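I have placed the structure first, in the form of structure tokens, so that the comments after it can refer back to it.
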Protein chains: 2
Amino acid sequence: MNQHSTLKKPKTMTEPRTARGKRTRDKILQAAASEFGSKGFHETGITDITKTAGVALGTFYTYYKSKEIVFRALVSHMGELTREWISTRIAGAPDRLSAERMGIAAFIEFAREHKDLYRIVMEAQFVANDSYVEYYSIFAESYTRNLADAAKKGEIRSGHDEERAWALIGMSVFLGLKYGVWDDTRDPSEIADAVSDLLENGLGIK
Amino acid sequence: MNQHSTLKKPKTMTEPRTARGKRTRDKILQAAASEFGSKGFHETGITDITKTAGVALGTFYTYYKSKEIVFRALVSHMGELTREWISTRIAGAPDRLSAERMGIAAFIEFAREHKDLYRIVMEAQFVANDSYVEYYSIFAESYTRNLADAAKKGEIRSGHDEERAWALIGMSVFLGLKYGVWDDTRDPSEIADAVSDLLENGLGIK
DNA sequence: TTTAAAGTTGAATGTTGATTCATGTTTCAT
DNA sequence: ATGAAACATGAATCAACATTCAACTTTAAA
């Protein structure tokens, strides 16, 4: 049974087919971002989302098969947002070391401006781990490539690109957490300066 | 009402008063660590814990007022474990840079040997954020102090101790996640070597 | 040995919240 | 203008648990 999809089933939950539909789905996604971001996945009820979106409870299920699925949609949506945020902000960097400094500042600013989104990504580790792994793996791959390229250009010493990429990502994530989310009294570029000195010269004397 | 504590109330939930009691509370804590560690906070039921511990459901509440409270107990218990693990492993370091290398390796090994515990700490961010903040803040404080001391001894360039501490912690945490939890095919000391070169000399040429 | 305190038990309670669905409304291609 | 497909609605369903509690057993101090 259900061999061929000529049946009226709930269909494969495709795109909205109407302007109104798109608008509604969007309101729901926005609301979900806001609710998940402020209260977290488990504290957020579907009714919280629909109330914020201004639609009825059942409408949620017209667009998303489950609570977890909106969450996943959000995470990948935010992967794009983050990448865009960072890349536009380091676009003008003259070399890799400047790019690192700008990247760190951008990360902290992102965390600060989007505390909610930042939280969603982190919580993905426990709600949709594969999305989380993907999120950072994509980052790490492109980071690794950038380091390799910079080494080829002679801007940095070469080697250990992947390990360095993960180390640098971890750095940024934690700096974003500490100086973006937990404590936003500091100037992000100050932090970036402090840390980029470490990246340029290491901890060693001279 | 309940002005003075001469009443028989459930008392203030103090220590077990009996050898048997201590044993039981311990079995419960162990079981909780194992269950929370493998399934996470929300997927774990109190019955999972008591089943694993080999006690009746109600017994749980003799020792812990709520699910969240065992979780918190676990997090702070593990703060101690982690600190001990790291500090015994960097104890013999001749200087700060070696200590950093050993610390990174130790962190990765810790993550690998205690994947469960590692997960609990991270999940604390969403279950008991204040415990999480405390966990890393304690780390950061002692790290900051160590860096300052090392600078005083002339082992590293001085300055930006706090920012550096958070950056280094983030590094370790992510390396632990990547090369400890997600991918344990690599040799931790190899990773540590790769990254400690970065710490010693930075990315810069020369 | 006695017995009050400590510990153990698991059925019962009560709430919460995700998901379903039958019915009503709106859209838009014709 | 019209009707079939899309969309919207929210009351009802249903299962999952956290927590409580009254009855029972074990411990250990005197």
Side-chain angles (χ1 to χ4, degrees), chain A residues 5-32 35-36 39-74 123 126-128, chain B residues 2 5-32 35-36 39-74 126-128:
Chain A
S5 37
T6 330
L7 314 177
K8 63 302 320 264
K9 288 255 143 182
K11 268 308 178 44
T12 324
M13 185 88 48
T14 55
E15 292 284 288
R17 238 146 286 192
T18 291
R20 178 173 58 144
K22 282 195 225 316
R23 245 178 291 129
T24 304
R25 191 197 45 180
D26 228 63
K27 283 193 290 178
I28 291 173
L29 195 69
Q30 292 306 58
E35 294 295 306
F36 283 147
K39 310 202 297 230
F41 182 80
H42 294 283
E43 301 315 309
T44 298
I46 305 295
T47 53
D48 295 324
I49 296 174
T50 54
K51 229 171 268 164
T52 297
V55 301
L57 175 54
T59 302
F60 177 90
Y61 291 93
T62 301
Y63 298 103
Y64 297 99
K65 266 201 283 293
S66 75
K67 189 180 171 184
E68 191 181 317
I69 284 194
V70 226
F71 191 85
R72 299 184 106 96
L74 237 26
E123 193 169 17
F126 305 99
V127 172
Chain B
N2 188 15
S5 35
T6 330
L7 313 178
K8 65 300 322 259
K9 289 250 145 184
K11 268 307 181 40
T12 325
M13 184 90 49
T14 55
E15 291 284 289
R17 238 145 285 191
T18 291
R20 176 171 61 144
K22 282 195 225 317
R23 247 178 289 131
T24 303
R25 190 196 47 180
D26 227 64
K27 283 193 290 177
I28 291 173
L29 195 69
Q30 290 307 60
E35 295 294 306
F36 283 147
K39 310 201 298 226
F41 183 80
H42 294 284
E43 302 314 311
T44 298
I46 305 296
T47 53
D48 295 324
I49 296 173
T50 54
K51 231 171 268 165
T52 298
V55 301
L57 175 54
T59 302
F60 177 90
Y61 291 92
T62 303
Y63 298 104
Y64 298 99
K65 268 201 282 292
S66 75
K67 188 179 171 184
E68 191 180 317
I69 285 194
V70 226
F71 190 86
R72 298 184 107 96
L74 238 23
F126 305 99
V127 172

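These numbers were taken from a predicted model, which means no experiment stands behind them. Quick note on labels: first sequence line is chain A, next is B, and so on, each numbered from 1.
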Exercise for review: Could you verify whether a donor N or O on one side chain and an acceptor N or O on the other, from Thr44(B) and Glu35(B), lie under 3.5 Å apart?
Suggested key: no
Check your understanding: Would you call Lys22(B) and Glu15(B) a salt bridge, taking side-chain N to carboxylate O under 4.0 Å as the test?
Key -> no
Revision key, fill the gap. From NZ of Lys67(A) across to P of dT20(C) the rounded distance in Å is 15 Å
Review point. Within this structure, what is the NZ-to-P distance between Lys27(B) and dG7(C), rounded to whole angstrom?
Key: 13 Å
Practice item. Classify the nucleic acid contact of Thr24(B) as base, sugar-phosphate or nothing, counting any heavy atom under 4.0 Å across all strands shown. Key: sugar-phosphate
**Study point:** Residue Ala19(B), side-chain heavy atoms: nucleotide from dG10(D), dT19(C), dA28(D) that is nearest
**Key:** dA28(D)
Check your understanding: Given dT8(C), is OP1 or OP2 found less than 4.0 Å from the side-chain N or O atoms of Tyr63(B)?
Key -> yes
Exercise for review: Select one nucleotide: of dA28(D), dC28(C), dT8(C), the one nearest the side-chain heavy atoms of Arg20(B).
Suggested key: dT8(C)
Review point. Between dA18(D), dG7(C), dT9(D), which one does the side chain of Thr62(A) approach most closely?
Key: dT9(D)
Check your understanding: Rounded to whole angstroms, how far apart are NE2 on His42(A) and P on dG17(C)?
Key -> 12 Å
Check your understanding: What's the shortest heavy-atom distance between Val70(A) and Ala32(A), and which atoms?
Key -> CG1-CB, 4.0 Å
Review point. Within this structure, what is the CD1-to-P distance between Ile28(A) and dA8(D), rounded to whole angstrom?
Key: 7 Å
Review point. Taking the side chain of Leu57(A) as heavy atoms from C-beta outward, which of dA11(C), dA6(D), dG10(D) is closest to it?
Key: dG10(D)
Check your understanding: Heavy-atom distance under 4.5 Å between the side chains of Arg25(B) and Tyr64(B), does that happen here?
Key -> yes
Practice item. Would you mind reading off the distance between Glu35(B) atom CD and dC17(D) atom C1', rounded to a whole angstrom? Key: 15 Å
**Study point:** Side chain of Arg17(A) (C-beta onward), nearest among dG10(C), dA6(D), dA18(C)
**Key:** dA6(D)
Review point. Taking atom P of dA18(C) as reference, at what distance in whole Å does atom CD1 of Ile49(A) sit?
Key: 8 Å
Check your understanding: How would you label the contact of Thr59(B) with the nucleic acid (heavy atoms, under 4.0 Å): base, sugar-phosphate, or nothing?
Key -> base
Check your understanding: Taking the inter-plane angle between the rings of Phe71(B) and Phe41(B) on a 0 to 90° scale, is it parallel (under 30°), tilted (30 to 60°) or perpendicular (over 60°)?
Key -> perpendicular
Check your understanding: Looking for any heavy atom pair under 4.0 Å, which part of the strands does Thr50(A) touch: base, sugar-phosphate only, or nothing?
Key -> nothing
Point to revise | CD (Glu68(B)) with more than 12 external heavy atoms under 6.0 Å | key: yes
Practice item. For Gly45(B), answer base if it contacts any base atom (sugar-phosphate contacts may also be present), sugar-phosphate if it contacts only those atoms, and nothing otherwise; contact means non-hydrogen atoms under 4.0 Å. Key: sugar-phosphate
Check your understanding: When you measure from the side chain of Tyr61(A), which nucleotide among dT19(C), dA18(D), dT9(D) comes out closest?
Key -> dT19(C)
**Study point:** Side-chain N or O of Thr18(A) closer than 4.0 Å to phosphate OP1/OP2 of dC7(D)
**Key:** yes
**Study point:** Among dA18(C), dA11(C), dT9(C), the one nearest Ile46(A) by side-chain distance
**Key:** dA18(C)
Check your understanding: CD of Glu15(B) versus C1' of dA5(C): gap in Å, rounded?
Key -> 17 Å
**Study point:** 5'-most by nearest nucleotide on DNA chain D - Gly54(A) or Thr44(B)
**Key:** Gly54(A)
**Study point:** Rounded distance (Å) that lies between atom P of dT9(C) and atom NZ of Lys51(B)
**Key:** 14 Å
